[in-house]
2 protein chains.
Amino acid sequence: MAITTPNRSESTSMPGALLTPGEVAAMFRVDPKTVTRWAQAGKLSAVRTLGGHRRFHENEVRQLLTGVPQQRSDV
Amino acid sequence: MAITTPNRSESTSMPGALLTPGEVAAMFRVDPKTVTRWAQAGKLSAVRTLGGHRRFHENEVRQLLTGVPQQRSDV
DNA sequence: TCCCATTCGGGTAATTGGGGTC
DNA sequence: TATGTCCCAATTACCCGAATGG
């Protein structure tokens with residue numbers, strides 16, 4: 001069966017597509033460590049692998065990149 | 001009785017459905033080899049085919065993906 | 001039986017996590 | 001407060017050839 005993502009950086013527009021910290025960091029032009037801090041600060045939703053590594057939702061990242069009005073619950 | 005969905009297809013959402021390493025890898029955005037490693041580490045229950053290939057329980061995978069809140073979500 | 005993508009194995013680079021500091 | 005960089009340990013990704021699945 002040949003379904004879903006091949007491997008590295010190819011998540012087009014699949015529902016539930018995930019990005020690695022390095023990919024998100026490259027998109028924002030920041031250090032992967034910074035992305036990790038965003039996740040720790042709750043600014044980014046993260047899914048953890050069974051080994052503890054983080055995976056981020058592509059839609060969420062793109063939304064933030066595009067400059068879409070972020071929903072701030074506390075201002 | 002709870003026949004619910006007589007959809008006798010396959011890769012959808014059937015109780016007790018089995019997933020291939022590639023499918024699980026796509027869901028976690030990791031390499032299929034990593035999924036194999038999880039199975040070897042006992043982090044994932046695996047069923048082996050007669051040829052030695054692994055198959056994983058979809059419900060277990062989904063549970064781990066969501067963060068394992070293991071709760072009857074009836075709220 | 002053949003075809004071909006996938007999954008075996010192992011082995012070796014690259015990424016990531018976490019703490020701490022500037 | 002926010003980001004980048006250092007360290008080390010763990011996890012993950014890519015390499016190969018051979019076997020399995022459908």
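In the text below, chain A, chain B and the rest are named by the order of the sequence lines, each starting its count at 1.
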- Determine, step by step, whether A/Lys43 and A/Arg37 satisfy the side-chain contact (heavy atoms from CB on, under 4.5 Å) criterion, reporting the C-alpha distance in whole Å, the side-chain angles of both residues, the deciding distance to 0.1 Å, and the verdict. CA-CA 9 Å; A/Lys43 298 179 179 178; A/Arg37 290 192 177 114; over 6 Å; no
- Output the residues of residues 46-53 of chain B in contact with DNA chain C, where contact means a heavy atom of the residue under 4.0 Å from an atom of the strand; sort by number or write none. B/Arg48, B/Gly52, B/His53
Output the rounded distance in Å from [atom1] ([X]) to [atom2] ([N]).
X: B/Arg55; N: D/dG22; atom1: CZ; atom2: C1'; answer: 10 Å
X: B/Leu18; N: D/dG22; atom1: CG; atom2: P; answer: 11 Å
X: B/Asp31; N: C/dC8; atom1: CG; atom2: C1'; answer: 13 Å
X: B/Arg29; N: D/dT12; atom1: CZ; atom2: P; answer: 13 Å
X: A/Leu19; N: C/dT16; atom1: CG; atom2: P; answer: 12 Å
X: A/Phe28; N: D/dA2; atom1: CZ; atom2: P; answer: 15 Å
X: B/Gln40; N: C/dT7; atom1: CD; atom2: P; answer: 14 Å
X: B/Lys43; N: D/dT12; atom1: NZ; atom2: C1'; answer: 11 Å

Ignoring backbone atoms, test whether [X] places a side-chain nitrogen or oxygen under 4.0 Å from the OP1 or OP2 oxygen of [N].
X: B/Trp38; N: D/dT11; result: no
X: A/Thr34; N: D/dG4; result: yes
X: B/Thr20; N: C/dT7; result: yes

Can you tell me how far [atom2] of [Y] sits from [atom1] of [X], rounded to the nearest 0.5 angstrom?
X: A/Met27; Y: A/Glu58; atom1: CE; atom2: CD; value: 6.5 Å
X: A/Gln40; Y: A/Lys33; atom1: CD; atom2: NZ; value: 9.0 Å
X: B/Leu44; Y: B/Phe28; atom1: CG; atom2: CZ; value: 7.0 Å
X: B/Arg54; Y: B/Thr20; atom1: CZ; atom2: OG1; value: 12.5 Å

- Item | Secondary structure string for DNA chain C (Watson-Crick or G-U under 3.5 angstrom, | for other-strand pairs) | ..|||||||||||||||||...
- Item | Salt-bridge contact B/Arg29-A/Glu23 (side-chain N to carboxylate O under 4.0 Å) | yes
Detail all sub-3.5 Å separations between protein N/O atoms and N/O atoms belonging to nucleotides 20-22 of chain C.
none

- Message: Using a 3.5 Å distance criterion without hydrogens, assess whether the side chain of A/Arg55 forms a donor-acceptor pair with backbone atoms of A/Leu18.
- Response: no
- Message: Measuring from the side chain of B/Val30 (C-beta onward, heavy atoms only), which nucleotide among D/dA13, D/dG21, C/dT16 has the closest atom?
- Response: D/dA13
- Side chain of A/Arg54 - closest among C/dG17, D/dT3, C/dT7: C/dG17
Minimum heavy-atom separation for [X] and [Y], please, with both atom names.
X: B/Ser45; Y: B/Phe56; result: O-CD2, 3.5 Å
X: A/Gly51; Y: B/Trp38; result: N-NE1, 4.1 Å
X: A/Asp31; Y: A/Ala25; result: C-CB, 3.9 Å

